[in-house]
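Note sheet for the following structure.
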Amino acid sequence: MKSYLVNLFDEAKNKLEYLKEANINFSVPNDTTHGDYATNLAMTLTKVLKRNPREIAQEIIDNLNADPKVIEKIEIAGPGFLNFKFNSEYVTSIISEIKEKGDLFGKSDKYSGKKALVEFVSANPTGPLTVGHGRNAVVGDTLANMLEWIGYDVDREYYFNNAGRQMRVLGDSVKQRYLELLGEKIDFPEDYYQGEYIKDIAQKLIDESGDSLKEEDAEGRFKDIAESEIFADIKNTLAQINIVFDNFYNERDLYDDGKIDWVVNSLKEKDLIYEKDDATWFRLSALGQDQDKVIIKSTGEPTYRLPDIAYHTTKFERGYDMIVDLFGSDHNATYPDVMAGFKALGYDEEKVKVVIHQFVTIMEKGEVVKMSTRKANFITLDELVEEVGADVVRYFFNMRSVSSHLNFDIDLAKKHSEENPVFYLQYAHARISSILKMTQEQDLNACYDNLKLLSSDEEQALIKKLYEFSRSVLYSAENFEIHKIANYLEELAAQFHKFYTHCRIIGSEKELAEARIALCVAVKTVVKNGLAILGVSAPDKM
RNA sequence: GCGCCAGUAGCUCAACUGGAUAGAGCAACGGCCUUCUAAGCCGUAGGUUAGAGGUUCGAGUCCUCUCUGGCGUACCA
């Protein structure tokens, strides 16, 4: 419908000179009595033309060559809106289109041929994923899905660091627990990893190797085994919520292949590096920032900035057209440094899209739960999935704008999980599946020849909702606003439930019944496709 | 102090990117199944969009200031 309007106005540009310069927007009015689409065009032209908006509106109408079979009427309303009411028979044509495209309906080839990298989760292997990581994981995977739907060839990447202080502490934490389980008296430091999972790993070592590891270096065997165990656990958790990475990028590779040295030398050549207090500093003040920052500590170890800059240069060199970095708001001060780094090295920062999601606040028994991996008072993603299920977890994180803080009330999620809106969507899908099965038994099948019979308010409203899907996917993907898909699906499901309450199938005239079945098939397809983007299952039974 | 994000119904959140009477779910109350899924539908009630200015035909949306909350502001990541 919208593209018809766009073409209509393109034609009119030949007659009305001022339309060529105008920015023409169409929107769906909240109030259905205002028609199917509306434009504020005449109002925006008031200033340019210095004329009455309603007068301009009339002139535009006089110059639109609309086919009455497509557009039933055009009205001027309020201060100067142009309202378009489409012919109901024309509106139904989308049902056939959805039938033809099936699982592909809603996809776009706008960005086909382009490669995108989405980096997310990227938690170091020091412990199980928490609920906080869960938001990052789900949002990242859904973003990747959406980019695929608009044509991108997407790689999902997990960046990690298995060296440095954190990992040394991890290795020694396991070793201490190992010795403790063997009966030795130990003094477990407060700043070591306190979680039960450390003891589990130690126990596993005893089961496999007895006490033969007593003399092993904490940074050797203990660290390695801890890393591999924890990574296996992380991958398992991710798999449970349908997330599979294409690539795990180890920070160490950046040292092994000389990337780190190359970055240091290149920055040095540009006089962006200097030594002070035994440390190496990055001259960010020369790049428009307030102060310089350390990139190599006096101990000789780099800060996160250096490897992160090096890592990003590999992203460019691997040929991605768009590079998406997703992280929590606790990192919001770090990316400008990294950005400045690769920009100084001559890479195009426009390709990098930084998406920051706000924190998840965990509420339990009416209180905010403060969490830290180190202190082990966190709630793991695993536990959450076990409690409420993968679909609820995915939907919960997908239904909110990334820039909003998210309150996750554990008790509510556990107790009232059946009241979660995800069930509302899944129910719509299951309901249609059931209807189709039942009607088939009555020898009624979808028929696309008499769609014009779908003329009631409920039917027309539902069909028009179907038009918004493709646009919603495109908008969500281009703007990284994942929650729009969930919002759209809720509206679609509501419209469907409304339709179904008013419009019976069995008992209606055969032509009408079969047209309604065709509509049900179309709705089912769109709900299923939408849930697929969100990574939520579309059950046939509930 | 400074930077980023937010503040909309009792609670959790929407609002088509500046449009027409600000909408859903939960919670409350009242209706609707002898036939296709009632995990549903319909109705009632609930609002000075944190506050004050400004921009314009028009502001929840943009600008300025104030207040409140979250996250940062490291030789942690």
Side-chain angles (χ1 to χ4, degrees), chain A residues 25-31 33-34 38-40 43-44 46-47 52-53 77-81 83 122-124 126 161 164-166 276-281 290-291 293-305 307-308 327-334 336 356-359 361 368 396 399-409 412 416 418-428 430-439 441-442 444 468 471-472 475 479 481 483-484 486-488 490-491 493-494 496-502 504-508 513 517 520 541-542:
Chain A
N25 285 312
F26 299 101
S27 62
V28 179
N30 290 326
D31 186 339
T33 62
H34 291 136
T39 180
N40 58 358
M43 275 124 71
T44 60
T46 346
K47 234 186 246 171
N52 182 312
F81 288 103
N83 293 340
S122 294
N124 287 337
T126 58
N161 170 14
R165 199 187 104 80
Q166 271 190 327
K276 193 180 92 181
D277 303 333
D278 293 329
T280 304
W281 293 70
D290 291 346
Q291 46 184 323
K293 299 272 175 64
V294 170
I295 60 165
I296 301 175
K297 299 183 242 177
S298 52
T299 60
E301 279 185 301
T303 62
Y304 71 89
R305 294 183 188 90
D308 272 13
F327 39 66
S329 61
D330 54 337
H331 282 54
N332 83 70
T334 67
I356 294 178
H357 64 83
Q358 296 300 310
F359 261 41
T361 305
V368 175
F396 206 98
M399 66 189 281
R400 305 274 148 83
S401 154
V402 292
S403 61
S404 292
H405 298 272
L406 185 58
N407 264 325
F408 205 129
D409 188 326
L412 199 72
H416 303 294
E418 68 282 351
E419 288 166 12
N420 193 295
V422 70
F423 292 105
Y424 187 74
L425 304 185
Q426 292 184 314
Y427 179 64
R431 210 176 188 187
I432 295 171
S433 293
S434 168
I435 291 163
L436 296 179
K437 201 177 152 209
M438 193 65 75
T439 52
E441 286 167 7
Q442 306 250 347
L444 289 167
E468 295 172 32
R471 194 197 54 127
S472 178
Y475 181 83
N479 296 283
E481 295 197 16
H483 66 293
K484 302 275 183 183
N487 293 161
Y488 167 77
E490 284 177 35
E491 288 168 12
F496 170 75
H497 289 308
K498 203 172 285 191
F499 151 79
Y500 184 66
T501 306
H502 288 88
R504 313 298 284 180
I505 294 173
I506 293 169
S508 301
I517 294 171
C520 286
K541 259 189 200 166
M542 281 178 75

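Throughout, protein chains are lettered first and strands after them, A, B, ... in sequence-line order, and every chain is numbered starting at 1.
For A:His483 and B:C16, the shortest distance from a side-chain N or O to OP1 or OP2 is not below 4.0 Å. In terms of phosphate contacts, A:Lys498 brings no side-chain nitrogen or oxygen within less than 4.0 Å of OP1 or OP2 of B:G40. For the OP1/OP2 pair of B:C41 and a distance below 4.0 Å, the side-chain nitrogens and oxygens of A:Tyr427 include no atom meeting the criterion. OP1 or OP2 of B:A15 has at least one side-chain nitrogen or oxygen of A:Lys484 nearer than 4.0 Å.
Between the C1' atoms of B:G43 and B:A24, the separation comes to 16 Å (whole Å). Only the P atoms considered, B:G7 is 16 Å distant from B:G18, to the nearest whole Å. Separation of the P atoms belonging to B:U64 and B:C2 is 14 Å when rounded to the nearest angstrom. The C1' atoms of B:U56 and B:C62 are separated by 11 Å, rounded to the nearest whole Å. Taking atom P on both B:G19 and B:U61, the two are 11 Å apart, rounded to the nearest angstrom. As rounded to the nearest Å, B:C26 and B:C42 have P atoms that lie 12 Å from one another. Spacing between B:A14 and B:U8 at atom P, rounded to whole Å, works out to 10 Å. A distance of about 12 Å separates the P atoms of B:C63 and B:C4, rounded to the whole Å.
Atom pair A:Met399:CE and B:G25:C1' shows a separation of 8 Å (rounding to whole Å applied). Between the NZ atom of A:Lys297 and the P atom of B:C76 there is a distance of 4 Å, rounded to whole Å. Atom OH of A:Tyr500 is separated from atom P of B:C41 by 13 Å (rounded to the nearest Å). Distance A:Met542 CE to B:U37 P: 14 Å, rounded to the nearest Å. Taking atom CG of A:Asn479 as the reference point, atom P of B:A14 lies 15 Å away to the nearest angstrom. Atom CD in A:Gln291 sits roughly 15 Å away from atom P in B:C2 (whole-Å rounding). Spacing between atom CG of A:Asp290 and atom P of B:C4 amounts to 11 Å, rounded to whole angstrom units. Computed from coordinates, the A:Gln442 CD to B:C36 C1' distance equals 7 Å when rounded to whole Å.
The residue A:Ile506 sits close to a base: some heavy atom pair falls under 4.0 Å. Among the protein residues, A:Asp277 comes within range of the nucleic acid bases, having at least one heavy atom under 4.0 Å from a base atom. Using a 4.0 Å heavy-atom distance criterion, A:Pro307 is classed as making no nucleic acid contact. As judged by a 4.0 angstrom heavy-atom cut-off over every strand, A:Ala38 is placed among the base-contacting residues. Counting any heavy atom pair closer than 4.0 Å across all strands shown, A:Ser434 reaches a base atom. Among the protein residues, A:Asn83 comes within range of the nucleic acid bases, having at least one heavy atom under 4.0 Å from a base atom.
Between B:U37, B:G70, B:A20, one nucleotide has an atom nearer to the side chain of A:Ile435 than all others, and that is B:U37. Closest to the side chain of A:Thr501, from the set B:G72, B:C76, B:G40, is B:G40. For A:Tyr424, taking side-chain heavy atoms from C-beta onward, the closest of the listed nucleotides B:C41, B:C76, B:U37 is B:C41. The side chain of A:Lys541 has B:U37 as its nearest neighbour among B:A39, B:U37, B:G72. When each of B:A20, B:A15, B:C71 is scored by its nearest atom to the side-chain atoms of A:Asn487, the top-ranked nucleotide is B:A15.
Between the side chain of A:Arg305 and the backbone N or O of A:Lys293, no donor-acceptor pair lies under 3.5 Å. In this structure, A:Ser508 contributes its side chain and A:Arg504 its backbone to a donor-acceptor pair below 3.5 Å. In terms of modelled atom types and a separation under 3.5 Å, the side chain of A:Asn40 and the main chain of A:Phe81 share no donor-acceptor contact. Looking only at distances, a side-chain donor or acceptor of A:Trp281 sits under 3.5 Å from a matching main-chain atom of A:Lys276. The closest donor-acceptor contact from the side chain of A:Ser401 to the backbone of A:Ser403 lies under 3.5 Å. When atom types are taken as modelled, the side chain of A:Asn83 and the backbone of A:His34 share a donor-acceptor pair closer than 3.5 angstrom. Not a single donor-acceptor pair under 3.5 Å links the side chain of A:Ser298 to the backbone N or O of A:Ala279.
Smallest separation of non-hydrogen atoms from A:Asn332 and A:Ile356: CB-CD1, 3.6 Å. Between A:Cys520 and A:Ile432, the shortest heavy-atom contact is O-CG2, 3.5 Å.
The base of B:C76 is not paired with the side chain of A:Arg165 by any donor and acceptor separated by under 3.5 Å. Not a single donor-acceptor pair, N or O on each side, falls under 3.5 Å between the base of B:A20 and the side chain of A:Asn40.
Using a 30° and 60° split on the angle between ring planes, A:Tyr500 and A:Phe496 fall in the parallel class, below 30°.
Comparing A:Thr361 and A:His34 by the nucleotide of RNA chain B that holds the closest heavy atom to each, the one mapping nearer the 5' end is A:His34. Comparing A:Asn161 and A:Val28 along RNA chain B, the residue whose closest nucleotide (by nearest heavy atom) sits nearer the 5' end is A:Val28.
Under the side-chain contact (heavy atoms from CB on, under 4.5 Å) criterion, A:Tyr424 pairs with A:Ala493, A:Ala494, A:His497, not counting sequence neighbours.
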Exercise. Can you give the dot-bracket line for RNA chain B, where a pair is Watson-Crick or G-U wobble with both atom distances under 3.5 Å, crossing pairs use [ ], and | marks a partner on another strand?
Worked result: (((((((..((((.....[...)))).(((((.......))))).....(((((..]....))))))))))))....
Problem set entry | Nucleotide-resolved protein contact map, nucleotides 6-12 of chain B, B/S/- at heavy-atom distance under 4.0 Å | S-----S
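At least one side-chain heavy atom of A:Met43 sits under 4.5 Å from a side-chain heavy atom of A:Pro79.
B:A20 has A:Phe81 stacked on its base ring, the centres lying under 5.5 angstrom apart and the planes within 30 degrees of parallel.
A:Asp330 CG to A:Phe359 CZ: the interatomic distance, rounded to the nearest 0.5 Å, is 3.5 Å.
With its glycosidic angle more than 90° from 0, B:C62 is assigned anti.
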